[in-house]
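What follows is a set of notes on a single structure, which appears directly below.
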Amino acid sequence: MNFFTSDTHFYHRDLILGGYFSPRDQFLTVEMMNDTIVANWNARVKPTDTVYLLGDIALAFDKPAKQAMAQTLDLLNQLNGQIVIIKGNHDSAALLKFLRANNQMLASGRPKFLTHDVGTRLKFAHYEVFLTHYPMLFGITKNKINLHGHIHHASVHHQENLNVAIDSSDRDYLSTGRVPFGAPLSEAEVIDMIVGKRRDYQQRQ
């Protein structure tokens, strides 16, 4: 099964201190935030699943780069599933190179990590789905959808764009209510959000 998420921002201390974009002040420490994301991720994702992580994995500005990369690798290895990473603006080329160099093989015979510098594309439920970190603008289209992150709690004012970041307001389009913080979205939930956003925009016309 495929899952989708973005902007985990592991170790990003400024997000829990408040007074910053998309604050996560429900957490007292980055360790609490990290643990919550890991627990909620693993409660939904099985080891045989695939998660598309659309960038901005972690930020640890207060640590040496090598230490931050090693800690990020350790944390990602705690997460279930194969992780397909789309490079975000806070993901260095050195980090992605480090993850590939320390890749492990899963029980299924697949590598733990796959990486893309710009994006990738899938097809499901009759949609052509473009997976990127930054939002893409298609114009009017029938079957193209852009899943992205980068803008955290904001939403692109186009029904073809769906923000799947863990703190995205687009998650309010889920007809079943919000998923636990940090939990990736299933394919079925993404389709539910696409339908919900399109219905909302059609009602505004």
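- Side-chain atoms of Asp91 do not come within 3.5 Å of backbone N or O of Gly55 as any donor-acceptor pair.
- No continuous path of hydrophobic side-chain contacts links Tyr134 to Phe138 [ILVMFWY only; heavy atoms under 4.5 Å].
- Within the structure, the ring-ring contact (aromatic ring centres under 6.0 Å, His included) test picks out the following pairs touching residues 157-183 (sequence neighbours left out): Phe27-Phe181, His157-Tyr201.
- Counting heavy atoms from C-beta on, the side chains of Ile57 and Leu75 never come closer than 4.5 Å.
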Inset, instruction - Verify side-chain hydrogen bond (donor to acceptor under 3.5 Å, both in side chains) between His90 and His12, making sure each step is shown before the conclusion. - result: CA-CA 11 Å; His90 289 297; His12 194 175; over 6 Å; no

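- For the atom pair CG of Asn161 and CD1 of Ile151, the computed distance is 8.0 Å after rounding to the nearest 0.5 Å.
- Side-chain contact between Ser168 and His153 is absent, with no heavy-atom pair separated by less than 4.5 Å.
- Heavy atoms only, all atoms of each residue included: His133 and Leu54 are closest at ND1-O, 2.7 Å.
- Lys112 NZ to Asn102 CG: the interatomic distance, rounded to the nearest 0.5 Å, is 14.0 Å.
- Counting heavy atoms from C-beta outward, Leu122 and Phe4 have side chains that approach closer than 4.5 Å.
- The minimum heavy-atom distance linking Phe98 with Met69 is given by the pair CE2-O, 3.4 Å.
- Contact of the Phe3 side chain with the Val164 side chain is not registered, since no non-hydrogen atoms from C-beta on lie closer than 4.5 Å.
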Legend entry - Candidate pair Val45 and Leu79, rule side-chain contact (heavy atoms from CB on, under 4.5 Å), full reasoning: CA-CA 8 Å; Val45 178; Leu79 299 172; over 6 Å; no

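- Among residue pairs with one or both ends in residues 117-126, those qualifying as side-chain hydrogen bond (donor to acceptor under 3.5 Å, both in side chains) are Arg121-Glu128; sequence neighbours excluded.
- Closest approach of Ser22 to Leu15, counting heavy atoms only: O-CD2, 3.8 Å.
- Panel note: side chain Asn42, backbone Gln78; a donor-acceptor pair is recorded below 3.5 Å.
- Met193 contributes atom CE, which lies 8.5 Å from atom CG of Asp172 (distance to the nearest 0.5 angstrom).
- Note: the hydrophobic cluster containing Ile16 also contains Leu28 (ILVMFWY, side chain heavy atoms under 4.5 Å, direct or indirect links).
- Residues Asn146 and Phe130 share a closest heavy-atom pair of ND2-O, 3.0 Å.
- For the residue pair Asp170 and Ser155, a side-chain donor N or O sits within less than 3.5 Å of a side-chain acceptor on the partner.
- Between Ile85 and Arg100, every side-chain heavy-atom pair lies at or beyond the 4.5 Å cut-off.
- Of the inter-residue distances, the one linking Leu73 atom CG with Gln71 atom CD reads 11.0 Å to the nearest 0.5 angstrom.
- Side chains of His152 and Asp167: a donor-acceptor N/O pair is present below 3.5 angstrom, by distance only.
- Between the Glu160 side chain and the Leu137 main chain, no donor and acceptor come within less than 3.5 Å of each other.
- Atom CG of residue Leu96 and atom NE2 of residue His116 lie 11.0 Å apart, to the nearest 0.5 angstrom.
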Inset, instruction - Evaluate the side-chain contact (heavy atoms from CB on, under 4.5 Å) criterion for residues Leu147 and Ile145: first the C-alpha distance (whole Å), next the side-chain angles of each, then the deciding distance (0.1 Å), finally the verdict. - result: CA-CA 6 Å; Leu147 302 187; Ile145 295 292; 3.9 Å; yes

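- Taking 4.5 Å as the limit, every side-chain heavy atom of Lys144 sits out of range of all side-chain heavy atoms of Met136.
- Put simply, Val156 and Val129 are part of two different groups of oily side chains (I, L, V, M, F, W, Y) that touch within less than 4.5 Å, one to the next.
- For the pair Asn80/Asp49, no side-chain contact is recorded, criterion being any heavy-atom separation below 4.5 Å from C-beta on.
- Looking at every heavy atom in both residues, Arg171 comes nearest to Ala165 through NE-O, 3.0 Å.
- When the shell of 6.0 Å around CE of Met32 is examined, it contains more than 12 heavy atoms from other residues, nucleotides or ligands.
- Summarising the geometry of Ile166 relative to Ile37, their closest heavy-atom pair is CD1-CD1, 3.8 Å, with the distance given to 0.1 Å.
- For the atom pair Leu106 CG and Thr48 OG1, the distance stands at 10.0 Å (nearest 0.5 Å).
- Trp41 has its side chain within reach of Val51: a pair of non-hydrogen atoms, C-beta onward, lies under 4.5 Å apart.
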Per-pair distances, 0.1 Å, donor-acceptor, side chain in residues 183-191, under 3.5 Å, sequence neighbours excluded:
unit_1: Ser186; atom_1: OG; unit_2: Glu189; atom_2: N; d: 3.1
unit_1: Ser186; atom_1: OG; unit_2: Glu189; atom_2: OE1; d: 3.3
unit_1: Glu187; atom_1: OE2; unit_2: Asn2; atom_2: ND2; d: 3.2
unit_1: Glu189; atom_1: OE1; unit_2: Arg44; atom_2: NH1; d: 2.8
unit_1: Glu189; atom_1: OE1; unit_2: Arg44; atom_2: NH2; d: 3.3
unit_1: Glu189; atom_1: OE1; unit_2: Ser186; atom_2: N; d: 2.9
unit_1: Glu189; atom_1: OE2; unit_2: Arg44; atom_2: NH2; d: 2.6

